[in-house]
Amino acid sequence: MDLVQRPRRLRRGEAVRRLCRETRLSGDSLIYPIFFDETLKGTRPIESLPGQLHYGLDRAAQAVEDCLKHGVRHGILFGLPAEKDPEGSSAYAEDGVVQQAIRAIKEAYPEFHVITDVCLCEYTSHGHCGVLKGQEVENDPTLELLAKTALSHVEAGADMVAPSDMMDGRIAAIRGALDAAGHQMAPIMAYSAKYASAFYGPFRSAAGSAPAFGDRRGYQMDPHNRREALKECQLDLEEGADILMVKPALSYLDIIRECRDRFNLPLCAYSVSGEYAMIKAAAAAGLVDERRIMCESALSVFRAGADLLITYYAKELSDAIREGEIG
Ligand code: PBG
């Protein structure tokens with residue numbers, strides 16, 4: 001056959017395939033979620049997320065060591081407080097669980113990169129991401145509490161804050177509060193296009209943050225919408241976000257691609273708890289090869305255009321990259 005182009009030439013053998021890969025992965029693009037439980041001593045397996053742990057504050061150094069031994073240098077912190085109230089006041093308490101965890105981590109490993117999730121849902125007795133008026137989450141009064149939370153994280157030593165609440169104007173409010181306190185250089189990673197997703201189920205049982213009534217559709221985005229994601233990213237950029245995020249990842253690859261093409265900020269994707277739990281369950285049932293599915297899923301998110309990835313598989317992915325399975 002007289003074929004001029006034979007694409008298979010570049011697939012013939014591992015060496016040429018590695019040479020011609022279009023998507024390159026690095027352990028430095030991975031962020032690992034770490035859950036601290038204020039009432040816990042030691043560690044406890046998270047039932048809804050097989051292979052994941054709750055850490056007690058006495059195990060802050062261990063949490064970091066568990067990352068570093070896999071080459072993971074970035075973590076995003078979540079807290080399970082001892083006490084909840086309608087205003088989520090333990091979210092912005094100076095000695096709140098995340099604030100204590102930050103201090104303990106920074107004391108043991110100052111170079112570990114600490115990002116914090118900024119939201120109220122783990123801290124409010126009703127489980128919503130802001131303060132309520134009747135059955136409704138009130139936007140503007142919530143902003144002040146989110147700003148206080150972000151500021152308290154930075155004052156405790158966090159390197160970056162990541163608001164996940166989806167209130168309008170939260171990036172401007174947080175930026176303003178950080179700047180006024182002299183933290184002009186603390187970056188904000190905005191959960192910009194965060195959808196009202198069923199994929200958060202395992203996280204909510206892990207973090208004890210399921211809403212006591214209703215759902216989050218009044219503030220998180222409608223999965224039918226694409227242009228609205230661009231609007232949310234645009235607003236966050238204008239309000240001062242340093243990094244944009246799309247969440248969840250796998251069902252929103254089109255949004256990741258479009259945000260990557262449209263905005264010149266680093267783009268993060270969050271491969272959420274349900275995405276992880278589904279792979280775990282399918283693998284436990286003997287239906288799929290866990291490691292290969294994990295690699296292929298992560299690859300698709302980077303190929304779609306994400307620069308950074310928050311994932312419960314960060315350690316295993318970092319190993320797979322180091323061992324040359326992907327990357
Ligand atoms: C807090 C928050 C949630 C997640 C990250 N930050 C839960 C939610 O919005 O209900 C979900 C993460 C995951 O599912 O892995 N608002």
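Counting convention: from 1, in listed order, for ligands and their atoms alike. Since we're looking at a predicted model, the values are computed, not measured.
Within ligand 1, the atoms closer than 4.0 Å to a non-hydrogen atom of Q220 are 8 (C), 9 (O), numbered from 1 in the order shown. Taking every non-hydrogen atom of S164 and a distance limit under 4.0 Å, the qualifying atoms of ligand 1 come out as 1 (C), 2 (C), 6 (N), 16 (N). Residue contact check: Y312 has heavy atoms under 4.0 Å from atoms 12 (C), 13 (C), 15 (O) of ligand 1. For ligand 1 and K247, the ligand atoms under 4.0 Å from any heavy atom of the residue are 2 (C), 3 (C), 4 (C), 5 (C), 6 (N), 11 (C), 12 (C). Residue contact check: C121 has heavy atoms under 4.0 Å from atoms 1 (C), 16 (N) of ligand 1. In summary, the atoms of ligand 1 found under 4.0 Å from a heavy atom of F78, numbered by their order in the structure, are 5 (C), 6 (N). Each of the following atoms of ligand 1 lies closer than 4.0 Å to a heavy atom of Y270: 12 (C), 15 (O).
Scanning the protein heavy atoms around atom 10 (O) of ligand 1, the nearest turns out to be R204 NE, 2.6 Å. Summary of contacts: the protein heavy atom closest to atom 14 (O) of ligand 1 is S273 OG, 2.7 Å. Ranking the protein heavy atoms by distance from atom 6 (N) of ligand 1 puts D117 OD1, 3.2 Å first. Scanning all protein heavy atoms for the shortest distance to atom 16 (N) of ligand 1 gives K194 NZ, 3.1 Å.
Taking D179 as the reference, R175 meet the side-chain hydrogen bond (donor to acceptor under 3.5 Å, both in side chains) condition, with sequence neighbours excluded.
Among all heavy-atom pairs drawn from I326 and R21, the shortest one is C-NH1, 4.0 Å.
Looking only at distances, no side-chain donor or acceptor of S297 sits under 3.5 Å from a matching main-chain atom of C295. Checked by atom type and distance alone, the side chain of Y219 never pairs as donor or acceptor with a backbone atom of H128 at under 3.5 Å.
Residue pairs meeting the side chain to side chain donor-acceptor pair (under 3.5 Å) criterion with at least one partner in residues 85-107, sequence neighbours excluded, are D85-S89, Q99-S152, K106-D159.
For the pair K315 and D319, the salt-bridge criterion is not met [side-chain N within less than 4.0 Å of a carboxylate O].
A cation-pi arrangement is present between K247 and Y200 under the rule of less than 6.0 angstrom and at most 45 degrees off the ring axis.
The closest side-chain donor-acceptor pair between E275 and Y312, if any, does not fall under 3.5 angstrom.
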